[in-house]
Every structure is written in C-alpha cells, then in structure tokens.
Amino acid sequence: MTTSRRGEMAIVGARLLRDGERVLVGVGLPNLAANVAKRLHAPHLVLVYESGVIDAHPPRLPLSIGDPDLVRTSLCVLPIGDLFSQYLQTGWIDVGFLGGAQIDRRGNLNSTVIGPYDHPKVRLSGSGGAADIASFARRTIMLIPQDLQRFPAAVDFITSPGHPKRGRRTQGPASVVTDLGLFDFDEEGEMRLTSVYPGVSIKDVQQRTGWPLRIAQEISEIPPPTPAELDVLRELGGGQEAAY
Amino acid sequence: MTTSRRGEMAIVGARLLRDGERVLVGVGLPNLAANVAKRLHAPHLVLVYESGVIDAHPPRLPLSIGDPDLVRTSLCVLPIGDLFSQYLQTGWIDVGFLGGAQIDRRGNLNSTVIGPYDHPKVRLSGSGGAADIASFARRTIMLIPQDLQRFPAAVDFITSPGHPKRGRRTQGPASVVTDLGLFDFDEEGEMRLTSVYPGVSIKDVQQRTGWPLRIAQEISEIPPPTPAELDVLRELGGGQEAAY
Amino acid sequence: MAELLTVHDAVARYVADDQVVYLAGFTHLIPFAFGHEIIRQRRRHLTLCRATPDLVYDQMIAAGVADRLVFSYAGNPGLGLLQVFRQAVQRGELEIEEYTHFELVARLSAGAAGLPFWPLRSLENDLTARRPRPRVRSPFGDEEVAVVPALRPDVTLVHAHCADEDGNVYAWGLLGEVKEAALAAHRILVSVEEIRPAASLRRERDHLLIPGFRVQSISVAPFGAHPSYVQGVYDRDTAFYTEWDRISRDPEATRKWLARFVDAVPDREAYLRLLPPDRLAALKEAAQVDN
Amino acid sequence: MAELLTVHDAVARYVADDQVVYLAGFTHLIPFAFGHEIIRQRRRHLTLCRATPDLVYDQMIAAGVADRLVFSYAGNPGLGLLQVFRQAVQRGELEIEEYTHFELVARLSAGAAGLPFWPLRSLENDLTARRPRPRVRSPFGDEEVAVVPALRPDVTLVHAHCADEDGNVYAWGLLGEVKEAALAAHRILVSVEEIRPAASLRRERDHLLIPGFRVQSISVAPFGAHPSYVQGVYDRDTAFYTEWDRISRDPEATRKWLARFVDAVPDREAYLRLLPPDRLAALKEAAQVDN
C-alpha cells in the first residue's frame, strides 16, 4: 500500500500534535494533517480556525477555514477579533500549524510574494492570520514540500516570523515537515534535519536545501504510515495527489 | 385628581424625551419617566440600560437595570463593554437620563459622597455608568428633587461632569427636572429656571437653590398632568410617594 | 482542563488569602454560593473587584474577608445604598479604588487581551482629578486618549446556567462584564445550575460563555446565584434584596444573618433548606415566562 | 432609521466614486449582490477594504471599480490565489495596503469604538518593516505595544439572514469581522435573504447583529451572498469558486463572465435566473442539515 507525498506529509505532521492541544490550523496541508491527528491519537485535539471556529469536529475534510461544516460542529464561533486578542495574543494557542510558499533556515515563512514586494514575480495571498499565529502561538509547526525554490537561505519576504537573526525565541518555529524529512530548530534557532523518509538520504535533502543544512547527530528514519493512518487519510480524501 | 411630587417629576421628565431617541436610562426616577414616555408620545423611544439592554419594552416598571423583564423584552443584550465603547463613546446615545444626590449650577452631578471623599459623611453608590453617560451622551437630562442640600453652588464631589467652569460643552446638561420647576442651561453653561409647577413661585425656587439662580426672561407654568399621563403613571405604580 | 470539584473544594484549593478576586455577574448570575463559601473558609485580606459589588460583597465585607474594594457602582440595585459597604468606608475600614463602569470594564478588556492598558475617550470628573488617568497621544493625529491599566484577577468566580463534562460553560441573558472578567483572570472557577451532556449543548453555541480549556474547575450548585437570578431558571429574590437593606443597617442583625445563613451551614444545599420552599418554587415559576 | 431600498437604489444613493468601501463577511455572508450592483453602476476610484478579498473583490477589481485595496488575505479560499488581484498587483495596476488579520481587525475595532488607534502586541515581519506600526509605551510599566490606526469606511455593505421592519439585522454562524466593519462605518447598507416580522424575531436576540438605528438601508436580496453562503439557508457554491479560478486566469473569459452575469442583468433575480435551477436547489438542500 502506498500513499502520496502529500499524504505522507500530513501523517508526519499529524504525529507532531499531542492530544488535548489547541492547534490553530492553516489552510491546505495543515488542515489535512490536523484532521488526521484528531481521528487517531489526538481525539481531544482542539481544532481552532482563524475564521473564529473553536473546537470543530468536522465530519469530512473541511474545504476551507470558512466551511459551514466547521460551524455546524464547533463548540462556538468567535468574532475573529476576539480569537486573535483573547486567545492567540494571550498564549492560549499551543500550536500554530502553517503552510507557506517559502521557508528559510531561521524558520521565516513567506506567503506574500515571490520576487520584490513592489514588483512581484508572483503575488501570493499574504499573511491572513499566519504572521499573528507565528508570532503568538507557543510553537509553530510548518508543512511545506521541499525544493530549492521553497527552501532558500533567506525568503523573499518574511510574512510569518521565524527565529530572529541571532538566537532563538522561546516561542516560534519548532518543526518543519517536508516530503523529504523532518526538521527541528537547534538552540541557535537554526533549522536542523532530524529524520528522513525511508529511502531518502541526507544528501538528497541537502540538494534540495538552499543553504548548508545542519544535521542532527543521529538521523532517524521516519516510520512508514500505519494501516490506521492510511485508512484515515483515505477517508479524508487526502490520499490522492492534489494541487496545492 | 392629584399625583405625588415624584409622579409629577416623572411626567415632566417624560415630556422632554422625543420619539425615536435613544435614551440611556438611569435607576429610579429616570426609569419611571422613560417608561411613561414610551407608553405615551414616544412609542419608538429606544430604552437602553447600562446593564447592556438595548431597546427594552418592559411590560411593567423594571425594578432595576438588571430586571429579567428587560432582558426578555429587549432587542438584544450587549456585553457592557460593547455598549460603552461602541454605542455611548461613539455618540449614538441621544439622551443620558440621570438622577443623583446633588447637582450644582454647572450641572455637575454627585452620586459618590456627601462630605469629603476620604472622610465621607455619607458614602453613596458612586458613578456606575453615570459619569460615562454624562460625558458622552449628546445631551443629559437630570431628575432630582430640589432642596438646599441637593442644590449647592458646587457639589461635594463631581461624579458626572456638567458644563466646565467657563463655557458650555456642545454635549452635556440640557435640562433639570425638580419638584419645583424645570431648568435649562444658558449659553454660558449656567443652570436657568424656565418654568414652574402651578402654584410655585420663583421665590420658592430661589429659596431652595444654593446659589443666585438665573431666571429665563419668560417663565412659563408647567402644564398639569393630563388624564392619559396620570393613567400611565398609575399603571406603572409610580403614583404613590416612594422613598428614593 | 476543567476539573469537577465541590464549591468547598474549589475555594479551598484556589482561593487564598491576599489574592485579587473577582466575583462576576451583573445583577444576573452573581456567584453567591462561592461568596458564602469564601466567608465560611475565612479568607482574609482579599482585594475584591467587581463593577457592581451588590449584596454579595456587602456580605463578604461584613464577614471581614476584604481589605480592599475595586469597583464602579456600590448600590443595592433598585433600593439604594449598600449599608455595610457604606459604613465600612465612612469608618475608614475599607480601602477603595473607584472607577466608572466603562473604565473598570476597560481594565478587564486589557487583562483579557493580555495588554498592559486599554484606551478610551477621556472623561473629567473628581475621580480622574484624584487619580489621573494617563493620556496617550495618538501617533496618527493630534488626538489624545486616556488609558487605564489592565486588571488581572488571581481568580474570577463565575456562576452560569450549565456546563458540559469537558467544562465548557454556557450562559445567556445579561452578561455584563462576565466574559472579560473571566478571561482576564489567571484562574476561572465556575459554579453552574447543572451539568448537561456535551452532545445536548453543541447547538447552543451562541450561549457558550467560556471554553473548558480556560476553566480551572466546575462546581454544581443549584440556586448558586440566589438571591440574584439565572435568566429563565429562577427570578431575582427582590424581597431578600429589600430585607438585606434592613438587616445590613444593623451590624448585630448582619452578624446574626451571616452566622445563620452562611457560617452555620455546610453548603448551598443546607442554605437552601433554610429558605421557605414555596419561596424558591415561586422564583422558579416566575422565571418560566416567555424568554 | 433604516429605509427599505432596492439593492440598486441603496448603491445609487450611498456608494459614490472615491469612497472607502468595506464589503463585509468572512467566507460566509459575502455581499455579492451589492458587489455586482457597484460594478453595474460603474463606480470608480474606490478604496476597497476587506480582510479576505475573496472572489467578490477579484470581480470588482476586474471591472475596474477599485484604485486601492486594504486587506490581509487575498486568496481563493481552499483553492489558492485570486488571479485578477494577482495580475493587477504584478502589473502595478492596483495600490495595496496590507496587514495581518489581527492588525486589520484591530483597525476596525478602533473605528467601531470611535478611537484613533487600537493597541496590540507587536509583531515583526517584512510588512511591519516596510510600514512600521508605531509603538506606544505603557504608562503602567516598561512595556511597549504596537498600535494601528482606526479604519472608518464611508460605507460598509453587509449581507445577513434577515431583518425586521425596523431595520434590525440578524445573522449567525461565522461572523468574522462583520460587526466591527459595520460599526466602524459612517453608513451601513444591508441586504438580507428576507424581511421577517419584528415580533417573530424578538426571541432571536442572540443573533441580533446590528440594531436598526445604526443601519442606513435594508434591501431584500434572496441568494444575495451567492456563491458565498448563508449558514442554514444555502451552502457555499464551491464549484463556482473552482470555476472562477479557471475563468479569472484569462482576462477575456473574465470580461465575458462579467458582461454576462453582472452587466447584462438588471438585478440579482435576473442573475439567479442565469444559473441552473437545480444548482440553487442543491445548495439550499445541502444547508438543511443539522445546524
């Protein structure tokens, strides 16, 4: 039984969420991953969406953060101002769970623009709540497919702040999940490879990273998806390769 | 047919409210007067209470601003922070309708303390929303029985600000209703007698006023309660003399 | 996650001497069960905060639990003054810090948002003359606004209609400053009329007051707000508010009332047994009108 | 007091060239009927504001009504980018002013409260590097917070479930920043699925969105939010959101779509007649599940 890169990333991302945590879920892959986790090892995961939805129990994969299903199955829906000021800004969100177009060695995420801001090559959607989430969630986990464009030494535009140029915030980037491996951030706030998918070498990862990558002392292999994980993924329709 | 002083004041106060206005109603006499107005010439009067109640239609006289009847018959109930910041502070309240223990020539109201603040002779309830209402409503109407203690040249403590020492705010005190007469504020922001109840002389009023009172050029007599006004007053149970 | 505790245990565990404590509720939903329990457990030197101290703080002041009161309106709603409060202030026995409603709620809004201050249009009266509210100049023009400091209670105590097994708290009707007072606090203790299954409450999301993950403990206390009220469940016991006006004018009568209705009973159930049963039934019936 | 006007007349009377305009709604309740009417009436040089521009602003930008966009997330929800927006920015044809969601909502909160600014914890990214948010030092300690300026639209346009004869507006489900955007505006224009008698709505007070005295006009526009949705009334037309992704990549296809679905129809009723009837029926049915 095989799965797609997208599906594998969702499973690895899901494993990083702990039961009972409050996770602010971004669109796309993070949404898939959070819903996988809630159906498996983290049934009490509190899914929060920046649309103001608190503790959703979506019966199927929500199509967007404004999906009517999220509202129907939520504990409550807050005005987004209350969510950002009274829950996010105050430290009550454990995990920011984000995607993006680019990430760099400090964990800075770009979802604003490829090329210069004033003369963009590609204009993207912009922050939404991502910059707020990356700034105020207790830790951030990012899911992003890996290639040299997406992993530059420095992103074209810092939308969601990572660790500062020197040092490490107590909050901020904690993990990055790609289709090659899993990364954390060392005590200097620098991204570090900690494990790889079966069949992926450190060299493969380095070749698709735009800077000399730090490598953990021991690199482990990411356990393959379990049958239960694959079942849930299929149920959520996330097994197929999709455009994202 | 006669009525009490309290009842007469409520009727005169009611006449000052115009249909369709949004009136923030204080406890006691203002509450009685606003409910009289709504049952007579001002059916579209929007009764707002500082408890957050918007557009109440109380079936009987509410016992307090937190009466369950107000909630049951309201358009909605706001968190009080929203009421003060989004409706009062922004100028959407036409009339502040207030009582108090003392009022002075500038329309300053005291509901905090008789005697010095740090060694009070009588400690009263304090502002509640009164100071906010007097500061931000478009105009303030005050109902207060008149005697020398209640009408000093300067109140012991300014709880709800009137007109400044010199000049007149565009907002602020507009009318004062007592059991002797009706007052407005002249262009210098000074309280001025404009009419009296039948049988009351200007001298009577001056004797119960703690400063040399300004008198309008023409003093009219307040029309006696109409049968309809008396009916409504009786219906609201406000015809009897009550302690306040 | 919220823990299910008795009112006694919640207070024993989380309300300590010298704390800054907020009993929430605005006329409606006043947590009298918690207030009485704090008296019974003889907490001392509390700073009591509340927009509208109401009878519950009059009783707590009489019982000697408070050194200090932060408030905006200390009246007996619809009846006049709070006699115990009044006498304590007149005798200089209670330190007070006084605001307008808007200012006090603004302090809670700052606390709930995790900010050091909250802006509001400035107001000039003898309260601000005595304790000037600092002004901040807007960087976007010439305007100045006043700011008040965040209020962050150690504990806020809330009474609500119900909660589910996960500690999600539901209430409706007048909510005054309840939500801000709760979210501003380090800990939130909640008493409820009843626990209801989560599944039965999922459609009541408009009445969700506080999510369970913010709540420290839930205690079941039917009639936990009496003589205050719970919209649609029981009405305000106005007769008792009138009675208190009489009792509280007399320190000896006040002492006796506290001895009998608070100190001599172990809990709210026992308190309720001291009341004429038809009185409670009548309050319940009065609340059953169309809401 | 709110006046009952057609969508056409409300826009004709109250939306003018050069204004700052906010079409509210967050995924949910997007006022497409108003947006299309603004296109039909050929307004020009508008500053369009919206946290989430969504398709409605993509269409309005394509139609040439806007010089400027104030926003925080310009995506096609669940699908990716807004192609018209993207191309306009890439070509330098649209001036933009960009925030995070929190910052943009904070700007509206200040507007709704009548204050010149709103405080929030400061955040450092390349948006704030390019346009620094001024800092204000708390007078109550050493902390500094960032502040953003009030946003006060000339007109905010809202779509809601219903209103009564007095213009009181009701909505539920995701409300995003709708209330703040409305209260921050000088004028509020509302379209609704239906008018319902006030008496039948008095028990729906938890869904009261804006009191009638704040509302300039009410317009009846069934399906006025299509292809966005109205919780419990009709679902989101996801197929159209996907279709727009295709149409909007091609300027010619976009032009044709606007010509056919906006300019060639006199009103929303006529627009709806262009859609397959079973499509609208299916959206209605899909919304009838347990809410």
Side-chain angles (χ1 to χ4, degrees), chain A residues 27-28 31 49-53 59 62-73 77-85 88-90 108-113 115 117-136 155-161 164 243-244, chain D residues 26-28 51-54 71-82 85-90 92 96 98-103 105-106 108-109 120-130 172-180 228-229 231-232 235-236 238 241 286-287 289-291:
Chain A
V27 294
N31 182 34
Y49 290 83
E50 69 180 24
S51 50
V53 171
L63 295 175
S64 82
I65 62 163
D67 194 307
D69 269 357
L70 290 177
V71 175
R72 273 175 206 129
T73 63
V77 178
L78 295 177
I80 63 175
D82 288 1
L83 172 61
F84 283 108
S85 71
L88 180 63
Q89 179 170 248
T90 50
N108 295 304
L109 267 182
N110 174 17
S111 49
T112 301
V113 80
Y117 186 81
D118 292 315
H119 303 284
K121 214 174 117 204
V122 186
R123 171 65 221 203
L124 307 169
S125 60
S127 164
D132 307 305
I133 296 166
S135 300
F136 303 122
V155 292
D156 292 3
F157 191 94
I158 300 176
T159 309
S160 305
Y244 45 83
Chain D
F26 194 100
T27 312
H28 184 217
T52 52
D54 202 273
F71 74 104
S72 44
Y73 182 84
N76 182 337
L79 286 158
L81 302 178
L82 285 180
F85 157 83
R86 185 175 69 74
Q87 289 163 28
V89 174
Q90 288 171 202
I96 58 173
E98 187 169 1
Y99 294 90
T100 71
H101 272 352
F102 188 18
E103 290 170 339
V105 176
L108 294 171
S109 298
L120 68 181
R121 296 228 163 259
S122 67
L123 161 165
E124 290 178 27
N125 65 3
D126 280 348
L127 286 174
T128 62
R130 289 177 59 89
W172 54 282
L174 280 190
L175 296 178
E177 83 288 25
V178 177
K179 202 183 266 199
E180 290 84 354
S228 164
Y229 73 104
Q231 188 86 33
D235 253 8
R236 194 155 171 272
T238 310
Y241 274 79
V289 296
D290 183 44
N291 272 284

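Owing to the predicted nature of the structure, the values given are computational and were not obtained by experimental measurement. Sequence lines set the chain letters: A, B, ... in the order given, protein chains first and strands last, and positions in each chain run from 1.
Using a 4.5 Å heavy-atom cutoff, the side chains of A/Pro79 and D/Glu180 are in contact. Side chains of D/Tyr73 and A/Val27 form a contact here, defined as non-hydrogen atoms less than 4.5 Å apart. Counting heavy atoms from C-beta outward, A/Phe157 and D/Leu127 have side chains that approach closer than 4.5 Å. Within the 4.5 Å cutoff, side-chain heavy atoms of D/Phe26 are placed close to those of A/Ile80.
Between A/Asp69 atom CG and D/Asp235 atom CG the span is 7.5 Å, to the nearest 0.5 Å. Atom OG1 in D/Thr27 sits 12.5 Å away from atom OH in A/Tyr49 (nearest 0.5 Å). One distance of note links CG of A/Leu124 with CZ of D/Phe85; it measures 9.0 Å at 0.5 Å rounding. Atoms CG and CZ, from D/Leu81 and A/Arg123 in turn, are 9.5 Å apart once rounded to the nearest 0.5 Å. Remark: A/Ile133 CD1 to D/Leu123 CG distance equals 11.0 Å, nearest 0.5 Å. Rounding to the nearest 0.5 Å places CD of D/Gln90 at 12.5 Å from NE2 of A/His119.
Chain D forms more heavy-atom pairs under 4.5 Å with one residue of A/Ser111, A/Ser64, A/Gly115 than with any other, namely A/Ser64. When the candidates D/Thr52, D/Ile96, D/Leu79 are compared by the number of heavy-atom contacts under 4.5 Å with chain A, D/Ile96 comes out ahead. With respect to chain A, the highest number of heavy-atom pairs below 4.5 Å among D/Ala51, D/Gly92, D/Gly176 belongs to D/Gly176. Per-residue counts of heavy-atom pairs under 4.5 Å with chain A were compared for D/Leu82, D/Leu175, D/Val89; the largest is that of D/Val89.
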The test is side chain to side chain contact (heavy atoms under 4.5 Å, CB included); show your working for D/Arg236 and A/Asp67 and say whether it passes. CA-CA 8 Å; D/Arg236 194 155 171 272; A/Asp67 194 307; over 6 Å; no
Apply side chain to side chain contact (heavy atoms under 4.5 Å, CB included) to residues D/Asp126 and A/Thr112 and explain how you reach the verdict. CA-CA 10 Å; D/Asp126 280 348; A/Thr112 301; over 6 Å; no
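Side-chain atoms of D/Tyr229 come within 3.5 Å of backbone atoms of A/Gly66 as a donor-acceptor pair (strictly under, hydrogens ignored). With hydrogens and angles ignored, the 3.5 Å screen pairs a side-chain donor or acceptor of A/Gln89 with a backbone N or O of D/Arg121.
Both the backbone and the side chain of A/Ser51 come within contact range of chain D, with heavy atoms under 4.5 Å apart. Interface residue D/Glu124: only backbone heavy atoms are found under 4.5 Å from chain A. Of the two parts of D/Thr100, the backbone and the side chain both hold a non-hydrogen atom closer than 4.5 Å to a non-hydrogen atom of chain A. Heavy atoms of D/Ala286 lying under 4.5 Å from chain A belong exclusively to its backbone. Interface remark: A/Val122 contributes backbone and side-chain atoms alike to the contact with chain D (heavy atom separation under 4.5 Å). Both the backbone and the side chain of A/Ser127 come within less than 4.5 Å of a heavy atom of chain D. Contact annotation for A/Asp82: neither backbone nor side-chain heavy atoms come within less than 4.5 Å of a heavy atom of chain D. Residue D/Ser228 does not touch chain A at all, counting heavy-atom pairs closer than 4.5 Å.
Partners of D/Val178 by side chain to side chain contact (heavy atoms under 4.5 Å, CB included), not counting sequence neighbours, listed by chain and number: D/Ala24, D/Val158, D/Leu209.
Of all the heavy atoms in A/Gly129 and D/His101, the pair that sits closest is N-CD2, 3.3 Å.
The aromatic rings of D/Phe102 and A/Phe84 lie parallel to each other, their planes meeting at an angle below 30°, with 60° marking the opposite boundary.
Side chains of A/Thr159 and D/Asn125: a donor-acceptor N/O pair is absent below 3.5 angstrom, by distance only.
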